[in-house]
There are 2 protein chains.
Amino acid sequence: MTNVTTAAADHGSPGPARRARGEQTRQLILETALRLFRERGYGETTMRAIAKEAGVAVGNAYYYFDSKEHLIQGFYDRNQTEHRTASTEVLATSTEFAARLRGVMHAGIDVNEPYHSFAGTFFKSAAEPSSPLSPFSRESSPARDASIAIFRDVIEGSSAKLDPELRKELPELLWLGWMGVILFWVYDKSPGQRRTRKLIDGTVPLIDRLVGLSRLRVLRPALRQVLGLIETVRRDD
Amino acid sequence: MTNVTTAAADHGSPGPARRARGEQTRQLILETALRLFRERGYGETTMRAIAKEAGVAVGNAYYYFDSKEHLIQGFYDRNQTEHRTASTEVLATSTEFAARLRGVMHAGIDVNEPYHSFAGTFFKSAAEPSSPLSPFSRESSPARDASIAIFRDVIEGSSAKLDPELRKELPELLWLGWMGVILFWVYDKSPGQRRTRKLIDGTVPLIDRLVGLSRLRVLRPALRQVLGLIETVRRDD
DNA sequence: CACATCTCTTGAACGCGTTCAAGTAGAGGC
DNA sequence: GCCTCTACTTGAACGCGTTCAAGAGATGTG
């Protein structure tokens with residue numbers, strides 16, 4: 001409470017001082033919530049406990065966050081940032097597509113590992129299509145775009161040559177595949193989630209092979225068919 | 001395919017008269033619940049409302065069903081049976097693999113269509129790995145096995161020739177793909193879930209093509225690699 | 001018949017996420 | 001100084017899923 005940063009982002013009608021106070025409370029509640037989630041798990045952390053621990057009233061938490069689930073969004077954002085950070089090394093080192101993709105995926109699992117025990121609990125929240133926590137929701141689009149950007153880096157920083165049409169679509173496709181890996185990971189009960197690691201190690205070479213084949217003229221029609229399907233399915237008309 | 005009553009709570013072996021009474025109440029509660037789910041949606045239906053409408057105490061519902069979510073299992077079982085029924089015609093008519101697969105998938109969507117509006121709501125429940133409603137859970141294995149059996153029928157009743165190794169794995173793989181389609185369907189907000197239909201129509205020929213190619217000697221190593229990966233990932237060691 | 005045993009039923013009570021009418025406080029205008 | 005406006009804060013209250021001690025009712029046993 002002592003740390004008052006008056007570095008004002010001076011936009012909006014309310015005075016900067018007031019604004020700062022609100023933002024501070026918001027951060028306090030979020031930090032407290034994430035800490036308790038980590039310590040006790042999501043389901044075992046009550047809104048009352050968060051409020052009490054943060055020294056505010058329950059209603060105050062609802063002034064800043066629409067629901068308990070909305071607090072998870074903060075968790076997502078932080079994990080996304082950590083994934084980016086954990087990926088920088090392999091993205092700076094290697095130029096092989098397979099190595100880059102593999103490295104990024106393992107980095108993602110590394111980052112999420114500490115939260116595996118209760119990832120399922122709030123994966124539940126994310127699964128509901130109408131939930132703002134859904135990876136496909138409008139609210140998640142900043143985190144989603146940032147995640148897709150990592151996979152774009154994987155491709156663009158690599159020496160892999162591939163069909164230009166595919167190149168356009170591939171970042172999003174890899175992200176979709178990554179969501180699949182995460183889904184598998186959530187369900188993976190093997191010690192240390194070994195099976196997820198094996199899935200990555202087994203799948204990446206296959207993707208690498210397929211991506212390499214995308215330039216072969218013989219496979220052009222097949223590729224077009226697949227890309228056409230994706231385009232058809234994506235459209236909402 | 002005899003529909004064995006899936007007793008949620010195994011209460012010893014009482015006399016047949018007593019058993020009948022209990023079973024009757026159980027059915028009454030389940031029927032009432034499913035009706036209210038259909039009429040109001042899952043989230044809007046309270047346990048109190050179910051109990052009141054069924055003319056029992058709220059605690060009574062909990063004597064037969066461990067939780068509100070457990071009531072959905074009954075919904076699953078019924079839908080599973082309906083899917084089988086809706087599939088019989090195409091499975092009796094056509095011998096082409098692609099037509100059979102396509103027919104079965106469309107039949108599955110047909111059956112689920114009336115529930116799309118709130119499918120997402122309890123899909124949420126199914127998504128939690130520890131939930132008995134998860135399609136991968138032990139509790140769901142009867143429904144799962146029955147569903148896989150449909151896809152086994154798709155293959156075995158077809159004229160398609162395919163690699164014997166693949167033949168063994170394919171029913172489960174098709175079921176997994178079907179789960180993916182259902183996942184897509186749950187998120188599909190297009191009118192009448194048209195995009196899901198397009199996804200099926202676009203994907204089936206691709207699968208058909210791949211399955212056909214599985215017998216080519218040139219592709220043997222690749223197939224082996226994929227099957228090996230599946231085996232590796234499946235094992236929990 | 002009385003008694004014990006077991007299945008089945010009850011509804012008050014608990015803790016949860018969430019809401020909301022009622023307040024508080026601090027900046028700007030007079 | 002005082003007033004107003006509004007961002008912010010409060011906590012009792014609501015309805016929910018769920019639990020559980022208590023009891024009702026049928027069945028088996030002497």
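Labels below follow one simple rule: chain letters A, B, ... track the order of the sequence lines, proteins then strands, and each chain is numbered from 1. Note: hydrogens, waters and symmetry copies are ignored here, and every other heavy atom, side chains too, is used.
Regarding contacts with the backbone of dT10(D), every side-chain N or O of Tyr63(A) stays at 4.0 angstrom or more from both OP1 and OP2. Taking side-chain N and O atoms only, Tyr62(A) has a distance below 4.0 Å to OP1 or OP2 of dT18(C). Remark: Ser67(A) is not in phosphate contact with dG17(C), judged by side-chain N or O atoms under 4.0 Å from OP1 or OP2.
The residues Arg35(A) and Glu39(A) are annotated as salt-bridged, a charged nitrogen and a carboxylate oxygen being separated by less than 4.0 angstrom. A salt bridge is absent between Glu172(A) and Arg144(A); no separation between the charged side-chain nitrogens and carboxylate oxygens falls under 4.0 Å. Between Arg152(B) and Glu169(B) no salt bridge is recorded (no basic side-chain N to carboxylate O distance below 4.0 Å). Using a 4.0 Å cut-off between charged nitrogen and carboxylate oxygen, Arg84(B) and Asp153(B) count as a salt-bridge pair.
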- Message: Show, in sequence, the C-alpha distance, side-chain angles and deciding distance for His106(B) and Asp201(B), and conclude whether the side-chain hydrogen bond (donor to acceptor under 3.5 Å, both in side chains) test is met.
- Response: CA-CA 9 Å; His106(B) 278 293; Asp201(B) 292 344; 2.7 Å; yes
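When only modelled atom types and interatomic distance are considered, Ser134(A) and Ser131(A) share no side-chain donor-acceptor pair under 3.5 Å.
Computed from coordinates, the Gln24(B) CD to dA26(D) P distance equals 13 Å when rounded to whole Å. Put simply, CG on Asp66(B) is 8 Å from P on dT19(D), counting in whole angstrom units. For the pair Asn60(A) CG and dC8(D) C1', the interatomic distance rounds to 7 Å; values are reported in whole Å. Rounded to an integer number of Å, the gap from Lys68(A) NZ to dG15(C) P is 16 Å. Rounded to an integer number of Å, the gap from CZ of Phe65(B) to P of dT9(C) is 12 Å. Note: CG (Leu71(A)) to C1' (dG17(C)) measures 12 Å, nearest angstrom. Rounded to whole Å, the distance from OH on Tyr64(B) to P on dT18(D) is 18 Å.
The distance between the ring centers of Phe136(B) and Tyr187(A) falls below 6.0 angstrom. Ring centroids of Trp185(B) and Tyr115(B) are separated by 6.0 Å or more, keeping the two rings apart.
Listed in residue order, the members of residues 37-53 of chain A having a heavy atom less than 4.0 Å from DNA chain D are Arg48(A).
Between Gly59(A) and Ala61(B), the one whose closest nucleotide on DNA chain C sits nearer the 5' end is Ala61(B).
Over its full length, the helix from dC1(C)-dG30(D) to dC30(C)-dG1(D) turns its helical axis through 30°, comparing axes from the five pairs at each end and rounding to 10°.
The backbone N or O of Arg194(B) sits less than 3.5 Å from a side-chain atom of Ser190(B), completing a donor-acceptor pair.
Looking at heavy-atom distances under 4.0 Å, Val58(A) makes contact with a base.
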